[in-house]
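Structure first, commentary second.
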Amino acid sequence: MNIVMAASEAFPFCKTGGLADVVGALSQQLGMRKGNKVILFLPQYRNLSRVASLKVVPGVYLIPIGGRIEQVTLSYINWGTVIVFFIGNRKYFDRPDLYRTKAGEYPDNDERFILFCRAVLEGCKFVGFRPDIIHCHDWQTGLIPAYLKTVYKLDAFYTRTRSLFTIHNIAYQGHFPYSAYEKAGFHPVDYTPDKFEYYGGISFLKSGIVFADNVNTVSPNYAREVQNDPAKGFGLEGLLRFRSKNFCGIVNGIDTEIWDPETDPILPMGYDAFEFQRGKTACKMALLEECGLEQNPQKPVVGVVSRLDYQKGLDTAVNVIERYKGRVLFTILGAGDPKLEKAYQELARNNPSCVAYRGRLDEELAHKIYAGADLFLMPSRFEPCGLSQLIAMKYGTLPVVSRVGGLADTVKGYPASDATGFFIDPLTENGICAALDTALKAYADKKQWFKLVKNAMAADNSWDKSAQEYINLYHKTII
Ligand code: ADP
Ligand code: GLC
């Protein structure tokens, strides 16, 4: 099968969150399976990692946008089983960050991703790759299914091509004024509520949901929530119910080449479920030292690695952490909402021996926290899937999570005999405390704790099963 993946980020090239991990790992998984040819399109941002040997496809091609014509270049890299094409346009992508500055979203994000979507479709022609399936991820690629069903409807190159649209997070919708509809070049006749129209403007996410041949999201439970709970569907629950026959949930996996405590080169000592204690303690002591916390291996360490965003519920945890000082050590890595960053800075300043906070993106420190902590806190208000809890389990760090979205699908709650973590229910300050108290009690009983650790480390969250589910869905989509 010829597969095109289209996304605005993919690890290890550019990343702001779990979307990048999923696009990178899934592309490789698909490419490794016999009979698949996979190419991945990404924007050529300024600060790409691991692209030292980028090659250039000779020539340029043209994309209409508004009343103008933009030039686009393609550069590429052979990355394992996948060819990654970077769509180049300096005006739109040669910028310090992916989507925003500290002051807010780039005001021309509509144009940037109109260009990207159309450049993927023209790019396939430019390199002569006729896709059976174009797998689009999140709002930034939502116009691709729409173009296929409108502007490219009679294009012979694409007669056999079908699209799958994956929603990684329905809270981000790419909602723009009507002018974006005009710039994209769709015909006015399609500007109706059942197609493009959205509160007088255009939503790229809605467009993807309406026009894709199949739609999915990243866990079965989130797929149910976004259809039935208005607080989780963010206005699109009716449309998703309307498309329910073509809408399903496929849970994410993690890349076990990157996330494996036995072989992780960033850790001071590797460990597995059988040789657990020595390695875990070495990682814990190194983490405490690096973070300047009390060097006491007896005290439980709670880790956080997260975007600081309303979604993640970490505003609810600030006061909770104060209540545990002296008994528990906290290491928090997270950037985002400036107010929350400040609150955590202050918390760490006031409690220097038991709370450490780092407000940046730091892959290495993330590995060290997953390995060095005993518990991993994730009080999300909603969570399409969540990768952090999967990584934490793999590292024998038990997740303490709210019972929402993919967290409910992937964590088995204590006291079940096969428990792998703890549920916060309800999601309030007291709810977090109750879950932490239960977890700390279990931690005090070493025999019981190791049983839980073994359960968590044995959970299979690799991509094997989910990548096969995607392939099955592609087959269903193209017949
Ligand atoms: P989301 O995509 O909503 O942010 P996920 O749990 O799916 O949540 O994925 C988050 C990914 O981003 C994980 O790989 C996590 O380790 C990583 N991450 C989040 N914040 C940071 C940070 N400050 N530094 C390094 N990695 C981070
Ligand atoms: C989004 C979601 C997260 C999910 C990730 C990858 O960023 O917030 O829950 O794991 O996408 O699908």
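Counting starts at 1 for both ligands and their atoms, in listed order.
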message = Taking distance alone, with N or O pairs closer than 3.5 Å, would you say Glu363 contacts ligand 1?
response = no

Taking 4.0 angstrom as the limit and counting only heavy atoms of [X], give me the atoms of ligand 1 inside it, by number and element.
X	value
Gln311	3 (O)
Leu333	22 (C), 23 (N), 24 (N)
Gly386	6 (O), 7 (O)

request  = Run the ring-centre check on Phe196 versus Phe211 and record whether the distance is less than 6.0 Å.
outcome  = yes

query = Backbone N or O of Trp463 within a donor-acceptor pair of the Ser466 side chain at under 3.5 Å?
reply = no

inquiry  = With a 3.5 Å distance limit and no angle check, can you tell me whether Asp132 reaches the backbone of Met1 through a side-chain donor-acceptor pair?
reply    = no

What protein heavy atom is closest to [atom], reported as residue, atom name and distance in Å?
atom	result
atom 18 (N) of ligand 1	Val305 CG1, 3.8 Å
atom 4 (C) of ligand 2	Gly386 N, 3.7 Å
atom 10 (C) of ligand 1	Gly18 N, 3.6 Å
atom 2 (C) of ligand 2	His168 O, 3.3 Å
atom 16 (O) of ligand 1	Tyr370 OH, 2.7 Å
atom 24 (N) of ligand 1	Asp362 N, 2.9 Å
atom 4 (O) of ligand 1	Arg307 NE, 2.8 Å
atom 8 (O) of ligand 2	Gln311 NE2, 3.0 Å
atom 23 (N) of ligand 1	Arg360 O, 2.8 Å
atom 3 (C) of ligand 2	Glu383 OE2, 3.4 Å
atom 22 (C) of ligand 1	Leu361 CD2, 3.5 Å
atom 5 (P) of ligand 1	Leu387 N, 3.5 Å

remark   = ligand 2 to Val22, heavy atom cutoff 4.0 Å, flagged ligand atoms 6 (C), 12 (O)

ask   = What are the atoms of ligand 2, with element, lying closer than 4.0 Å to any heavy atom of Asn169?
value = 8 (O)

query = Does the side chain of Asp97 reach to within under 4.5 Å of the side chain of Tyr106, using non-hydrogen atoms?
reply = yes

message = Show the nearest heavy-atom pair for residues Gln227 and Leu240, with the distance to one decimal.
response = OE1-O, 3.6 Å

Of Asn216, Ile133, Ile478, Thr166, the residue whose pairing with Leu473 passes side-chain contact (heavy atoms from CB on, under 4.5 Å) = Asn216

State if [X] counts as touching ligand 1 under the rule of any non-hydrogen atom under 4.0 Å.
X	answer
Gln389	no
Arg358	no
Lys312	yes
Phe11	no

Specify whether [X] and [Y] have parallel, tilted or perpendicular ring planes, treating 30° as the upper limit for parallel and 60° as the lower limit for perpendicular.
X	Y	result
His175	Tyr199	tilted
His135	His137	parallel
Phe422	Trp449	parallel

So that I can tick it off, tell me whether [Y] and [X] are bridged by a salt bridge, with the cut-off set at under 4.0 angstrom between side-chain N and carboxylate O.
X	Y	answer
Lys280	Asp374	no
Arg360	Asp362	yes
Glu237	Arg241	no

ask   = Mind checking whether Gly406 has a heavy atom under 4.0 Å from ligand 2?
value = no

request  = Carefully, step by step, assess Val355 and Arg349 under the rule side chain to side chain contact (heavy atoms under 4.5 Å, CB included).
outcome  = CA-CA 8 Å; Val355 181; Arg349 204 177 315 120; over 6 Å; no

task = Would you tell me which option among Val218, Ile254, Asn252, Thr16 has the nearest heavy-atom contact to atom 6 (C) of ligand 2?
result = Asn252

request  = Run down the list Gly334, Ala392, Ala20, Ser306 and name the one with the heavy atom closest to atom 20 (N) of ligand 1.
outcome  = Ser306

ask   = For Cys385, is at least one N or O under 3.5 Å away from an N or O on ligand 2?
value = yes

query = What's the spacing between Met457 CE and Lys394 NZ if we round to 0.5 Å?
reply = 7.5 Å

query = Is there a donor in the side chain of Tyr395 and an acceptor in the side chain of Asp264, or the other way round, less than 3.5 Å apart?
reply = yes

